[in-house]
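All residue numbers refer to positions in the sequence shown, counting from 1. Side chains included, hydrogens not; waters and symmetry mates left out as well; all remaining heavy atoms used.
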Amino acid sequence: MIARLTALACFLLLTACASSPPQKPNDICEIFDEKRAWFKAARKSAKKWDGPIHVPMAILFQESAFKAKAKPPRRYILGVIPAGRKSSARGFSQAKSPAWQDYKKASGNGGASRSDFADSIDFVHWYMTKTREVNGVSKWDARAQYLNYHEGWSGYKKGSYKAKPWLLGVATKVDKRAKMYSEQYAKCKKRLNRSWLSRLIF
């Protein structure tokens, strides 16, 4: 009985650590050093969709600050009566339910969860790929990619973001973070790609 309780406690502790935000979110090398599984997931999706790692990471930070259970604020009637969330956005990517369903169908990842980092970064890569196909935006253009992510493909095409100075400011922040992550990643990419034993020795 005690052994089972101990095993359960260890499992819950490891699960909590796996889903908790990284301690140093402003350094992509620190993020991937702390969360090796995140690096493997990010690398796998980047290869799968032929895209960068730094842009989706910057988008995920902006959307949820890397919080697995992030949700939009609640709505209240008369300021006191709960009336649900402001949108169906959930998880790391803050993907809304319709877009998430489209991703699961298109990618074949039917069991995908928005609270799973690997699924979430794969979703962002899928969305960025569609953005390139629909609106011709480079996957390396973090600012325009984020505007598409926020406004949707038709909204971006109509230029809806032009009437939202606050959103343009946020897109600029995402672009700056993406560039920062890119510079950081260039310095640790070789080390991160080595095996755990090689990293331990050298």
When you compare the side chain of [Y] with that of [X], does any pair of heavy atoms fall below 4.5 Å?
X      : Y      : answer
Lys157 : Asn135 : yes
Glu34  : Lys24  : no
Tyr149 : Ser93  : yes
Glu30  : Pro22  : no
Lys44  : Ile121 : no
Ile31  : Met57  : yes
Tyr156 : Val134 : no
Arg90  : Ser115 : no

By side-chain hydrogen bond (donor to acceptor under 3.5 Å, both in side chains), which residues pair with Ser138, not counting sequence neighbours? none

Taking all non-hydrogen atoms of both residues, which atom of [X] and which atom of [Y] are closest, and how far apart?
X      : Y      : result
Gly91  : Ser64  : O-CB, 3.6 Å
His125 : Pro56  : NE2-CG, 3.5 Å
Trp140 : His54  : CD1-CE1, 3.8 Å
Ser113 : Asp119 : N-OD2, 2.9 Å
Ala42  : Phe32  : CB-CZ, 3.9 Å

When rounded to the nearest 0.5 angstrom, what distance separates [atom1] in [X] from [atom2] in [Y]?
X      : Y      : atom1 : atom2 : answer
Ser160 : Leu147 : OG    : CG    : 8.5 Å
Trp38  : Ile53  : CH2   : CD1   : 14.0 Å
Phe92  : Ile59  : CZ    : CD1   : 15.5 Å
Asp27  : Tyr185 : CG    : OH    : 13.5 Å
Ser20  : Lys69  : OG    : NZ    : 13.0 Å

So if I apply the side-chain hydrogen bond (donor to acceptor under 3.5 Å, both in side chains) rule between Thr131 and each of Trp126, Tyr146, Trp153, which one comes out positive? Trp153

Treating [X] as the side-chain partner and [Y] as the backbone partner, does any N or O pair qualify as donor plus acceptor under 3.5 Å?
X      : Y      : value
Lys187 : Cys29  : no
Gln94  : Ala70  : yes
Ser120 : Arg114 : yes
Lys139 : Val55  : no
Asp50  : Ala46  : no
Ser107 : Tyr103 : yes

Check against side chain to side chain contact (heavy atoms under 4.5 Å, CB included), Lys40 and Arg36: CA-CA 6 Å; Lys40 291 181 179 179; Arg36 184 69 179 170; 4.0 Å; yes

Aromatic plane relationship, Trp100 with Phe123 - under 30° parallel, 30 to 60° tilted, over 60° perpendicular: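 Because their plane-to-plane angle lies in the 30° to 60° range, the rings of Phe123 and Trp100 count as tilted.
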
Between Phe66 and Phe61, ring centroids under 6.0 Å: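 Ring centroids of Phe66 and Phe61 are less than 6.0 Å from each other.
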
I would like to know whether Ser45 and Asp122 meet side chain to side chain donor-acceptor pair (under 3.5 Å); could you show each step before the answer? CA-CA 5 Å; Ser45 286; Asp122 200 64; 2.8 Å; yes

Tell me every residue that passes salt bridge (charged side-chain N to carboxylate O under 4.0 Å, His left out) with Asp116, counting only those two or more places apart in sequence or in another chain.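 Partners of Asp116 by the salt bridge (charged side-chain N to carboxylate O under 4.0 Å, His left out) criterion come out as none, since no residue qualifies.
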
Side-chain atoms of residues 162-177: list all donor-acceptor pairs with protein atoms under 3.5 Å, sequence neighbours left out, distances to 0.1 Å.
residue: Lys164; atom: NZ; partner: Glu151; partner atom: OE1; Å: 2.8
residue: Lys164; atom: NZ; partner: Glu151; partner atom: OE2; Å: 3.1
residue: Thr172; atom: OG1; partner: Leu168; partner atom: O; Å: 3.0
residue: Asp175; atom: OD2; partner: Lys179; partner atom: NZ; Å: 3.1
residue: Arg177; atom: NH1; partner: Pro25; partner atom: O; Å: 3.3
residue: Arg177; atom: NH1; partner: Asn26; partner atom: OD1; Å: 3.1
residue: Arg177; atom: NH1; partner: Tyr181; partner atom: OH; Å: 3.1
residue: Arg177; atom: NH2; partner: Asn26; partner atom: OD1; Å: 2.9

I would like to know whether Gln101 and Lys104 meet side chain to side chain contact (heavy atoms under 4.5 Å, CB included); could you show each step before the answer? CA-CA 5 Å; Gln101 293 303 317; Lys104 291 202 295 184; 3.6 Å; yes

Using a strict cut-off of less than 4.0 Å between a Lys/Arg side-chain nitrogen and an Asp/Glu carboxylate oxygen, indicate whether Asp33 and Arg191 qualify as a salt bridge.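 A salt bridge links Asp33 with Arg191.
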
Apply side chain to side chain contact (heavy atoms under 4.5 Å, CB included) to the pair Val137 and Arg132, showing each step before the final yes or no. CA-CA 5 Å; Val137 175; Arg132 185 188 62 185; 5.7 Å; no

Heavy atoms of other groups near Lys48 NZ, more than 12 under 6.0 Å: yes

Gln23 atom CD, neighbour heavy-atom count above 12 within 6.0 Å: no

